[in-house]
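All remarks here apply to the structure that follows.
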Amino acid sequence: MELNGSYGKLLEQGQQMLNVYGFQLNTDIEFADVPRAGSRRKGKKVMTHETTGTIQSYYTSTAFTKRIARVMDDNQAPFVTELIGTVEDPENPQFGRQKVRVKNVQFTNIPVLNFSHGELVEQELQFVCDGFEFIDM
């Protein structure tokens, strides 16, 4: 049975981000080629990995943007936070439950201003992090 993303939520420092309508978290793995004796086929060895993500949301205020923009102030520490993403699909209770903690999130862009007449203002926040862990539900 498919998973219904309508039941997804994102929390930042324990508070639900009510304006979020999309969330993605991905880990890219970099491999090095390893020659194999007696074969023309190359092997692969994991060298590094990097976890990145994107939050899609409706723009509601400048409060979150101001926290991200602290990175531009030499007298303040950059904004680093933690996210918890969950999906709890009631129509798929056996497999439709997932919860992930995202550690040491740092945003890679600052959404300063964006609008189109006759449309809701949306923003896309991209971030890097120190990794993630699955949380049992």
Walk me through it: do N92 and E2 pass the test side-chain contact (heavy atoms from CB on, under 4.5 Å)? CA-CA 8 Å; N92 187 0; E2 297 82 17; over 6 Å; no
Pairs flagged by ring-ring contact (aromatic ring centres under 6.0 Å, His included) wherever residues 25-72 is involved - sequence neighbours left out: Y21-Y58, F64-F79, F64-F107
Decide if atom [atom1] of [X] counts as having more than 12 heavy atoms of other residues, nucleotides or ligands within a radius under 6.0 Å.
X	atom1	answer
Q15	CD	no
E133	CD	yes
M137	CE	yes
K103	NZ	yes

Linking I/L/V/M/F/W/Y whenever their side-chain heavy atoms sit closer than 4.5 Å, directly or via other members, would [X] and [Y] fall into one cluster?
X	Y	value
F134	F23	yes
V87	V20	no
M17	V100	yes

Provide the full list of salt bridge (charged side-chain N to carboxylate O under 4.0 Å, His left out) pairs with a residue in residues 7-22, sequence neighbours left out, each pair given once. E12-R67
Short side-chain to backbone donor-acceptor contact, [X] and [Y], under 3.5 Å:
X	Y	result
R70	A77	yes
N109	E124	yes
D89	N4	yes

Shortest non-hydrogen separation from [X] to [Y] and the atoms involved:
X	Y	answer
C129	V102	SG-CG1, 3.6 Å
V121	N114	CG1-O, 3.0 Å
V128	E50	CG1-OE2, 4.2 Å
P78	V71	CB-CG2, 4.1 Å
I110	A69	CD1-CA, 3.9 Å
R101	I135	CB-CD1, 3.7 Å

Point-to-point distance, once rounded to the nearest 0.5 Å, from [atom1] of [X] to [atom2] of [Y]:
X	Y	atom1	atom2	result
K66	D73	NZ	CG	13.5 Å
E88	L3	CD	CG	11.0 Å
D28	T51	CG	OG1	8.0 Å
T86	Q16	OG1	CD	7.5 Å
N26	F132	CG	CZ	9.5 Å
L10	L25	CG	CG	10.0 Å

With a 4.5 Å cut-off on side-chain heavy atoms, are [Y] and [X] touching?
X	Y	answer
T65	V112	no
I55	L83	yes
I68	L125	yes

Apply side chain to side chain donor-acceptor pair (under 3.5 Å) to residues Q126 and T54 and explain how you reach the verdict. CA-CA 4 Å; Q126 297 155 359; T54 303; 5.2 Å; no
Salt bridge present between K44 and D33 (N-O < 4.0 angstrom): yes
